[in-house]
Amino acid sequence: MSLFLGLSSHAQENEVTFELKVSKEKLGINERLRVEFTMNKDGDNFNPPPFEGFKVVMGPSQSISSSWINGKRTFSKSYSYILVPTARGKFTIKQATIEISGQTYKTLPKAIEVTAAVDKPNSEKTVDDVADESLHLVAEVSKTSPYLNEAVTVVYKLFVSPNISVTNYRPLDNPKYNNFWSQEIPVTKHTAQNGTYKGKPYRYVVLKRVVLYPQKFGRLEIEPLSLEIFVDVPTNRRDFFGGRIYSQTSKTVSAGKRTLNVKALPEAGKPTDFGGAVGDFDFSVTTSKKQLNASESLQAKVQVSGKGNLKLFQLPEPELPSALEVYEPEYDENVRTISSGMEGKVANNYTIVPSYRGKYPIPGISFSYFNPKTAKYVTLNSEEINIEVLEGPLGASDNAVTPSNNKQFVVPTGKQFHFIKLNPNLSKIGVNYFFGSNKFYLLLFAPLLLIPIAVFFFKKREAIASDVAGNKIKRANKLAKKYLSTSKKELGNKEAFYVALEKGLHNYLKAKLKIETSEFSKEKITAILTDKNVESSYVEGFISLLKNCEMARYSPFSDVQMQNDYEKASEVISKMDKQL
């Protein structure tokens with residue numbers, strides 16, 4: 001019997017309820033009706049009924065509550081509306097629907113009777129009603145139909161009626177910008193400004209700014225931002241001194257989902273060398289000098305500047321003569337993100353060292369990008385640069401001498417003949433004796449020489465063992481090499497490298513923290529490392545590497561960038577290991 005009761009209570013706890021509640025079933029035409037849809041499990045895709053015979057004056061207002069009582073968790077989520085009737089008669093609040101755990105649930109319809117006007121209507125608004133109609137969180141999107149890799153700015157504004165005061169807020173759910181390269185612009189000051197919302201005067205505060213670059217075309221959704229707002233609402237009551245009494249309450253507001261229709265880049269007119277650059281750019285190829293001597297070096301810079309997705313495309317490579325020795329380029333980046341997107345410049349710096357004198361032309365190269373304002377592709381070409389090496393050895397082609405008549409030339413050096421030595425320093429051939437020989441004395445005094453050497457090495461070993469900090473650094477470096485060995489082997493292979501790098505970073509945290517960090521978001525990892533008292537700069541570097549691993553799936557990365565990320569990962573793991 002007790003087993004049956006236990007199973008019954010467990011089934012009741014897991015049972016999903018979705019109910020329609022109304023403030024009254026009979027009201028006057030001059031009264032207001034509060035309608036609330038309540039559920040005990042979180043759901044998605046809520047669809048309210050059409051509210052025939054009524055006009056919605058407030059709502060939907062969303063509220064969430066969760067608590068633990070006697071070890072049991074209780075959850076409640078509701079959507080509420082304030083309605084006013086448009087005519088007398090009998091009406092029906094039809095069914096609302098919602099999806100919970102993959103199943104669709106419906107409320108039962110409710111009959112409402114609207115009578116003639118009453119003498120004392122319930123038109124007085126409650127504190128929650130005032131808060132509902134006085135708070136609005138809006139996500140303003142700069143473009144709803146951008147091109148692939150075109151900047152889109154999302155500004156989250158909280159509109160507050162002058163009738164109430166906001167005391168504090170906290171985020172409940174931060175959006176995850178899947179299929180976007182995102183860059184948040186910090187809001188340093190929350191300054192209230194005057195504005196309007198649906199034609200009425202409001203004050204608003206900018207809470208968050210984010211610049212997004214869509215990485216795939218089609219319909220992409222921006223998840224909503226949800227906040228819990230704590231407000232003071234004035235009441236009709238007065239204190240002893242005649243001052244208005246305020247009531248405190250909290251409301252949950254959401255910016256709602258926004259959908260972008262991302263357009264694919266046109267195929268018509270696309271250059272063959274197009275590498276994914278979208279924006280408005282300038283392109284140049286320059287050298288630090290045009291005349292030099294052999295074995296001296298010069299710098300050749302391939303630079304793109306302007307406004308657009310500067311971090312999301314690969315720079316073109318110059319075609320240099322094979323006679324010039326060229327080193328791997330150094331990547332230089334000076335980019336800042338503003339509300340309209342990224343602007344600045346990126347460049348590859350090549351170090352070139354000529355070995356022979358002569359003239360070497362560096363052919364011009366092209367760079368293509370798509371300009372979303374004109375919806376056209378643009379190709380920029382650099383000019384040819386001539387490098388002249390003034391002094392140095394001649395190349396193989398210049399030194400080549402074709403002999404005539406098959407004659408062989410003997411080049412005199414002045415050292416063809418030598419004098420016969422008059423003092424040969426010959427020694428007598430005899431019997432070698434061990435006693436008194438060099439070998440005898442060497443073996444005799446060797447033990448005495450080994451004693452100070454052994455003492456020196458013993459002290460050196462003690463010094464190394466006592467160097468705790470140095471040993472930690474060595475162990476940390478070995479640890480970094482252990483977890484990043486696979487990614488090092490894949491340098492040059494973008495996809496395999498970043499998959500191995502991301503796995504190595506997660507495996508490191510798994511080994512150090514004994515948790516599966518691959519199941520956590522970057523925000524969760526940041527919170528865990530912060531709790532472990534890891535310096536913020538190391539945490540930011542670790543999260544930046546994880547973002548690069550994700551971004552590499554959609555964007556081209558150079559070998560230089562991969563090398564930089566590998567070295568940065570080694571440094572971050574080495575430094576973090578001292579604090580974990």
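For the numbers below, each heavy atom of this structure counts, side chains included, while hydrogens, waters and symmetry mates do not.
Between Thr259 and Arg219, the closest heavy-atom pair is CG2-NH2, 3.6 Å. Between Phe281 and Ala277, the shortest heavy-atom distance links the atoms CE1-CB, 4.0 Å. Leu501 and Ala569 get closest at one heavy-atom pair: CD1-CB, 3.7 Å. Gly308 and Tyr213 get closest at one heavy-atom pair: O-OH, 3.4 Å. Residues Asn149 and Gly276 come closest through the heavy atom pair ND2-O, 4.1 Å. Of all heavy-atom pairs between Leu227 and Leu207, the closest is CD1-CD1, 3.3 Å.
Asn174 and Glu523 share no side-chain donor-acceptor pair at under 3.5 Å. Between Tyr202 and Asn194, the side chains place no donor N or O within less than 3.5 Å of an acceptor N or O (distance only, hydrogens not considered). Neither side chain, Gln215 nor Asn179, offers a donor N or O lying under 3.5 Å from an acceptor on the other.
Judged by distance alone, with hydrogens and angles left aside, the side-chain atoms of His190 form no donor-acceptor pair with the main-chain N or O of Val187 at under 3.5 Å. Between the side chain of Asn309 and the main chain of Val278, a donor-acceptor pair closer than 3.5 Å is present. The backbone N or O of Phe230 sits nowhere less than 3.5 Å from a side-chain atom of Ser250 that would complete a donor-acceptor pair. Remark: side-chain polar atoms of Ser544 are not paired, donor with acceptor, to backbone N or O of Glu540 under 3.5 angstrom. With hydrogens and angles disregarded, a donor-acceptor distance shorter than 3.5 Å links the side chain of Thr86 to the backbone of Gly53.
Proximity of Asp232 to Ile164: side-chain heavy atoms (C-beta onward) are nowhere separated by under 4.5 Å. Leu33 has its side chain out of reach of Ile82: every pair of non-hydrogen atoms, C-beta onward, lies at least 4.5 Å apart. Between Lys143 and Glu150, some side-chain heavy-atom pair lies under the 4.5 Å cut-off. Between Lys251 and Glu228, the closest side-chain pair of non-hydrogen atoms is not below 4.5 Å. Side-chain contact between Arg258 and Thr144 is present, with heavy atoms from C-beta onward closer than 4.5 Å. Side-chain contact between Glu223 and Asn178 is present, with at least one heavy-atom pair separated by less than 4.5 Å. For the pair Ile112 and Thr92, the minimum side-chain heavy-atom distance is 4.5 Å or more. Looking only at side-chain heavy atoms (C-beta outward), Ile222 and Val152 stay at 4.5 Å or farther from each other.
Listed by chain and number, the residues in a salt bridge (Lys or Arg N to Asp or Glu O under 4.0 Å) with Glu333 are Lys311 (sequence neighbours excluded). With sequence neighbours excluded, no residue forms a salt bridge (Lys or Arg N to Asp or Glu O under 4.0 Å) with Glu19.
Around atom NZ of Lys94, no more than 12 heavy atoms belonging to other residues, nucleotides or ligands sit under 6.0 Å away. Summarising the local packing, CZ of Arg209 is surrounded by 12 or fewer heavy atoms from other residues, nucleotides or ligands at distances under 6.0 Å. More than 12 heavy atoms of other residues, nucleotides or ligands shown are found within 6.0 angstrom of OH on Tyr377. Heavy-atom neighbours of Leu172 CG from other residues, nucleotides or ligands within 6.0 Å: above the threshold of 12.
Taking the six-membered ring where the residue is Trp, Phe51 and Phe37 present tilted rings, their angle falling between 30° and 60°.
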Intermediate values then yes/no, side-chain contact (heavy atoms from CB on, under 4.5 Å), Lys216 and Leu220 = CA-CA 8 Å; Lys216 59 186 293 188; Leu220 301 183; 3.7 Å; yes
request  = Tell me, with the steps shown, if Tyr156 and Val138 meet side-chain contact (heavy atoms from CB on, under 4.5 Å).
outcome  = CA-CA 6 Å; Tyr156 296 91; Val138 178; over 6 Å; no
Steps toward side-chain contact (heavy atoms from CB on, under 4.5 Å) verdict (Met342, Val211) = CA-CA 9 Å; Met342 288 185 280; Val211 176; over 6 Å; no
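For Lys77 and Asp42, the salt-bridge test passes: some basic side-chain N is under 4.0 Å from an acidic carboxylate O. Comment: Glu267 engages Lys270 in a salt bridge, judged by a side-chain N to carboxylate O separation of less than 4.0 angstrom. Ionic pairing of Arg336 and Glu343 is present here: one or more N-O contacts between side-chain nitrogen and carboxylate oxygen are shorter than 4.0 angstrom.
Phe370 has its ring centre less than 6.0 Å from the ring centre of Tyr147. Under the 6.0 Å cut-off for aromatic ring centres, Phe54 and Phe91 qualify, their centroids lying closer than that.
Under the side chain to side chain donor-acceptor pair (under 3.5 Å) criterion, the residue pairs touching residues 100-113 are Gln103-Tyr105, with sequence neighbours excluded.
When the options Thr38, Thr17, Asn40 are evaluated for a side-chain contact (heavy atoms from CB on, under 4.5 Å) with Ser76, the one that passes is Thr38.
Distance check, rounded to the nearest 0.5 Å: OH of Tyr79 to CG of Leu20 gives 15.0 Å.
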